[in-house]
S.K.: 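Have a look at this one.
We use all heavy atoms of the structure for the numbers below, so side chains are in, but hydrogens, waters and symmetry mates are not. All ligand and atom numbering here is 1-based and tracks the order in the structure.
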Amino acid sequence: MSILIKNGHIVTASEDYVADLYIEGEKIVAIGKNLPMQADKVIDASNKLVFPGGIDPHVHLDMPFMGTYSSDDYETGTRAALHGGTTSVIEFILQTQGDTLRNALKTWQEKSIPKAVGDFSYHMAVTDFNDDVAKEVVEMIEKEGITSFKTFMAYKGALMIDDGQMVQLMKVVKEHGGLVTVHATNGDMIDSLIAKNLAEGNTKPLYHYLSQPEVTEAEASARFCDMLDYTGCPGYIVHMTCEGALNAVRKATQRNQKVYVETCSQYLMIDASLYEREDGAKWVMSPPLREKKDQEALWSGINQGLVQVVGTDHCPFTMEQKAMGKDNFAKIPNGHPAIEHRVEFMYSEGVHQGKISLNKFVEVCSTNAAKIFGMYPRKGTIAIGSDADIVIFDPNKKHRISVDTHHMNCDYSGYEGWEVQGKTETVLLRGMVAIENEKCLLKAGDGKFIPRGKSSLVI
Ligand code: URP
Ligand code: ZN
Ligand code: ZN
């Protein structure tokens with residue numbers, strides 16, 4: 001199959017020009033003005049933006065968590081992602097404490113390979129580190145193309161490792177050229193604040209927020225940076241929400257450390273006032289939404305190059321699942337649906353509102369994740385030889401977000417009625433037409449596992 005995209009306004013992390021793109025099979029084969037090739041399909045992209053498929057490096061699909069499973073699986077989740085212009089996701093394998101990484105990998109392969117509609121890769125969450133796991137970490141890097149290792153400084157008893165394990169993991173990962181990523185919040189402080197609030201009869205969603213003050217994230221982020229400094233390992237902080245945590249990274253970069261930062265679209269758009277609503281459970285996530293001053297710090301952090309990636313931490317639960325915590329905020333499954341709209345949100349709230357440039361938009365939605373997580377230049381750019389993961393985007397089309405029209409398997413939207421400027425129109429995945437006329441033309445199993453190499457983003 002060959003495709004010719006004509007007259008698109010092509011945007012990458014560093015360029016911006018009008019040209020044609022010619023695709024053969026899975027790859028981009030030619031880029032230029034008035035390309036002479038005949039193709040099986042021709043798409044007129046005049047007045048449209050053409051940019052590399054989005055990469056969301058933080059999603060949870062069919063994730064066992066807090067006594068239930070996130071409501072999107074690999075099929076519904078990656079399909080919804082494609083609808084919004086995200087062609088690849090990186091999901092989290094969770095080691096069961098006391099069990100091997102190998103067993104966890106097998107479980108995740110069974111639930112992803114037959115079902116994925118879009119491309120995917122895995123981070124390996126190390127929840128129980130010891131000498132045997134250290135050997136498996138090396139195997140994951142060298143044999144399985146899994147080069148990033150997720151750690152949790154919270155969720156004690158299920159996912160959290162202690163600082164001793166963290167330092168040992170960092171040493172192994174550094175030696176073999178991988179990356180340690182982290183959920184950086186102080187789990188012990190949070191657990192004691194939760195216990196105190198519940199003992200005082202404070203059971204509403206607002207107390208989820210009040211049990212995770214900014215200091216819990218700032219302290220853990222600083223501690224993580226100090227452990228990286230001690231071990232010399234590169235690191236990546238996921239879902240950063242606040243000024244205090246960003247300042248910890250600012251300090252780390254001043255001593256020339258390699259610490260990458262991801263925030264998520266929700267932390268740039270919505271704030272903690274939502275927890276005062278009766279339906280506040282919809283936005284219960286960890287870390288929680290913060291204040292307007294934190295949104296400003298994060299947007300600035302993006303432009304200062306301190307925040308390199310915008311993901312989603314997509315982890316949807318239905319209203320019935322959220323009701324597990326109706327009498328106790330600590331039982332509300334943490335997370336919200338977001339995988340579908342990240343690219344459109346970042347265009348609308350970022351580019352359209354003048355907060356970021358078009359190039360920065362591509363950088364944070366796609367290119368930087370590809371570089372940090374070792375998929376570049378196969379993914380994350382428009383170049384000859386790259387995978388033909390392409391979004392054709394109408395910057396002039398307005399639409400409203402609604403549960404009635406979204407494709408995520410979740411019975412609410414955290415953004416109901418939100419007006420968005422710009423719409424994903426056509427999406428190609430490795431040269432296949434994935435989205436056209438608001439329909440997904442791919443099926444379960446069309447998405448492929450993408451093995452990853454070493455980080456290549458220089459900061
Ligand atoms: O609320 C969240 N973030 N749920 C998913 C698990 C995590 O901590 O990323
Ligand atoms: Zn987390
Ligand atoms: Zn997460």
S.K.: Asp389 side chain to Pro52 main-chain N or O, any donor-acceptor pair under 3.5 Å?
M.R.: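 Looks like no, no N/O pair under 3.5 Å.
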
S.K.: Looking at Ile55 and Ala370, what are the two nearest heavy atoms and their distance?
M.R.: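 Closest approach of Ile55 to Ala370, heavy atoms only: CD1-CB, 3.6 Å.
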
S.K.: So, do Phe329 and Tyr209 have ring centers that fall under 6.0 Å from each other?
M.R.: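 Aromatic pair excluded; centres sit 6.0 Å or further apart.
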
S.K.: Under a 4.0 Å heavy-atom cut-off, which residues neighbour ligand 1?
M.R.: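 Contacting ligand 1 under 4.0 Å are His58, His60, Phe65, Tyr155, His183, His239, Met285, Ser286, Asp313, Cys315, Asn334, Gly335.
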
S.K.: Between atom CD of Glu340 and atom CD1 of Ile401, what is the distance when rounded to the nearest 0.5 Å?
M.R.: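 Answer for the CD-CD1 pair, Glu340 versus Ile401, is 7.5 Å.
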
S.K.: If we only look closer than 2.8 Å, how many protein N, O or S atoms does the Zn ion (ligand 3) have near it?
M.R.: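 For the Zn ion (ligand 3), the figure is 3.
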
S.K.: Check for a donor-acceptor pair, side chain of Ser386 on one end and backbone N or O of Pro377 on the other, with a separation under 3.5 Å.
M.R.: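 Looks like yes, one N/O pair under 3.5 Å.
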
S.K.: Determine whether a donor-acceptor pair (N or O, by modelled atom type, separation under 3.5 Å) exists between the side chain of Tyr260 and the backbone of Leu457.
M.R.: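 Confirmed, Tyr260 side chain pairs with Leu457 backbone.
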
S.K.: Should the ring pair Phe345 and Tyr415 be called parallel, tilted or perpendicular, given that the plane angle runs from 0 to 90° and is split at 30 and 60?
M.R.: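 It falls in the tilted class, 30° to 60°.
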
S.K.: Does a salt bridge link Glu200 with Lys196, judged by any charged N lying under 4.0 Å from a carboxylate O?
M.R.: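 So Glu200 pairs with Lys196 through a salt bridge.
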
S.K.: Taking His83 as the fixed residue, which of His399, His407, His406 is the one that meets the ring pair (Phe, Tyr, Trp, His ring centres under 6.0 Å) rule?
M.R.: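 Of His399, His407, His406, ring pair (Phe, Tyr, Trp, His ring centres under 6.0 Å) with His83 is met by His407 alone.
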
